[in-house]
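The structure appears below as structure tokens.
Any value given below was found using the heavy atoms of this structure, including those in side chains, with hydrogens, waters and symmetry copies removed. Atoms within a ligand are numbered from 1 in the order they appear, just like the ligands themselves.
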Amino acid sequence: MKDRKELLAGAGTDTRLCHIGYDPSSYHGFVNPPVVHASTVLFPNVKTMETRGQKYTYGTRGTPTTDALCEAIDELEGSAGTILVPSGLAAITVPFLAFLSPGDHALIVDSVYSPCRHFCDTMLTRLGVEVEYYDPTVGAGIEALIKPNTRLVHTEAPASNTFEMQDIGAISAAAHRHGCVVTMDNTWATPLYFRPLDFGVDISMHAATKYPSGHSDILMGTVSANAKHWQRLQEANITLGICGTPDDSYQILRGLRTMNLRLEHHNRSALSVASWLEGHRDVARVLHPALPSFPGHEIWKRDFKGASGIFSFVLAVDEPTQFKPKARAFLDALRIFGLGYSWGGYESLAVMVNLDDRRICKAPTDGPVIRLQIGLENVEDIVADLEGGFAAAAAI
Ligand SMILES: *Cc1c(COP(=O)(O)O)cnc(C)c1O
């Protein structure tokens with residue numbers, strides 16, 4: 001095991017993705033780990049049972065399948081430990097429940113994934129946690145918002161739907177001066193393009209539903225902690241009785257093997273579509289951190305190794321904000337793009353973005369915001385499909 005770790009430490013990304021969570025000699029030489037369906041695990045005698053003197057004790061506490069995936073994620077994140085949860089949303093709520101108590105104050109980025117806001121404004125507030133939203137561009141200025149009872153600072157970069165960047169290193173340093181836990185939703189970049197723990201983040205969260213799954217057929221979340229916070233995270237997971245299922249864990253591990261290849265394709269295609277959109281007369285703005293025109297691009301360039309396949313653009317149309325007939329016509333005319341939530345699968349998707357819940361970074365006023373996930377289809381076909389959308393919007 002130690003030899004493997006050393007081998008992987010110096011290897012390239014694709015090599016690492018092929019050999020993390022990989023241990024054929026433990027499974028009679030079969031390349032992949034078995035899918036272990038389990039509740040009960042048997043013990044050879046009472047003493048072993050009383051002392052929990054064997055590696056596996058019960059299905060909720062890990063199996064060879066879930067362990068293989070957690071090891072793989074730890075390798076990618078540089079974390080001390082990883083838990084698996086049933087969705088990306090649970091990858092946010094479980095650590096919040098692990099680290100926050102009544103009377104605590106939590107700072108949440110205003111451009112957060114909106115179901116996270118819903119959790120904060122309902123259940124977390126009901127449990128007596130004081131929630132405050134902050135501007136994603138605050139940087140080291142976060143320090144002025146920290147109160148004696150601030151316990152947790154939650155980040156997400158780039159932002160959901162509008163893609164604002166955050167200076168994660170500066171925020172982490174300021175938060176740590178006051179003893180806060182720093183959490184980050186790193187779903188957009190995956191650990192291949194950004195490693196939160198290297199920038200001072202304590203807890204990195206992912207919707208593995210997105211790129212690790214890659215095929216729009218699995219829901220799963222992963223939460224990875226540094227050494228200081230691992231025990232408390234793991235305890236919360238066991239206390240809440242939350243665990244990853246064997247079949248889904250197997251599929252996510254399988255997805256990781258090709259994730260870099262898929263991401264490179266998403267990255268390249270999305271950038272060429274974004275650049276094309278930037279020159280289109282019916283587009284007011286393109287919200288993509290890898291475009292030099294985008295505010296926050298410098299942070300992206302400094303801290304991130306790549307960009308994934310999801311970004312937004314603002315349609316340059318003068319229409320009432322309520323019904324948005326042109327944006328609707330644009331979306332309804334698309335034939336390659338599906339209209340649907342989530343992203344990270346092989347197929348292109350489009351949605352009209354609703355930013356009504358924002359308090360600080362309000363919705364753009366220059367037109368409706370449309371979010372695109374650029375899939376693995378040929379770019380020429382994707383562009384032709386978008387052309388069809390623009391034509392339909394212009395005809396209204
Ligand atoms: C999709 C998403 C989630 C939630 O993932 P689910 O598995 O759909 O619950 C969390 N954070 C971000 C940034 C997401 O895009």
Checklist entry - Got a donor-acceptor contact below 3.5 angstrom from the His280 side chain to the Asp282 backbone? => result yes
Item to check | ligand 1: protein residues within heavy-atom distance under 4.0 Å | outcome: Ser87, Gly88, Leu89, Tyr113, Glu156, Ser160, Asp185, Thr187, Ala207, Thr209, Lys210, Leu219, Trp343
Checklist entry - Hey, is the main chain of Glu347 close enough, under 3.5 Å, to the side chain of Gln373 for a donor-acceptor pair? => result yes
Checklist entry - Where the side chain of Arg262 meets the backbone of Tyr211, is there a donor-acceptor pair that is under 3.5 Å apart? => result yes
Item to check | salt bridge (Lys or Arg N to Asp or Glu O under 4.0 Å) pairs, two or more places apart, involving residues 330-343 | outcome: none
Next on the checklist: Using only atom types and a distance under 3.5 Å, with no angle test, would you say the side chain of His178 pairs donor to acceptor with the backbone of His176?
Outcome noted: no
Item to check | Neighbour count >12 (heavy atoms, 6.0 Å) for atom OH, Tyr346 | outcome: no
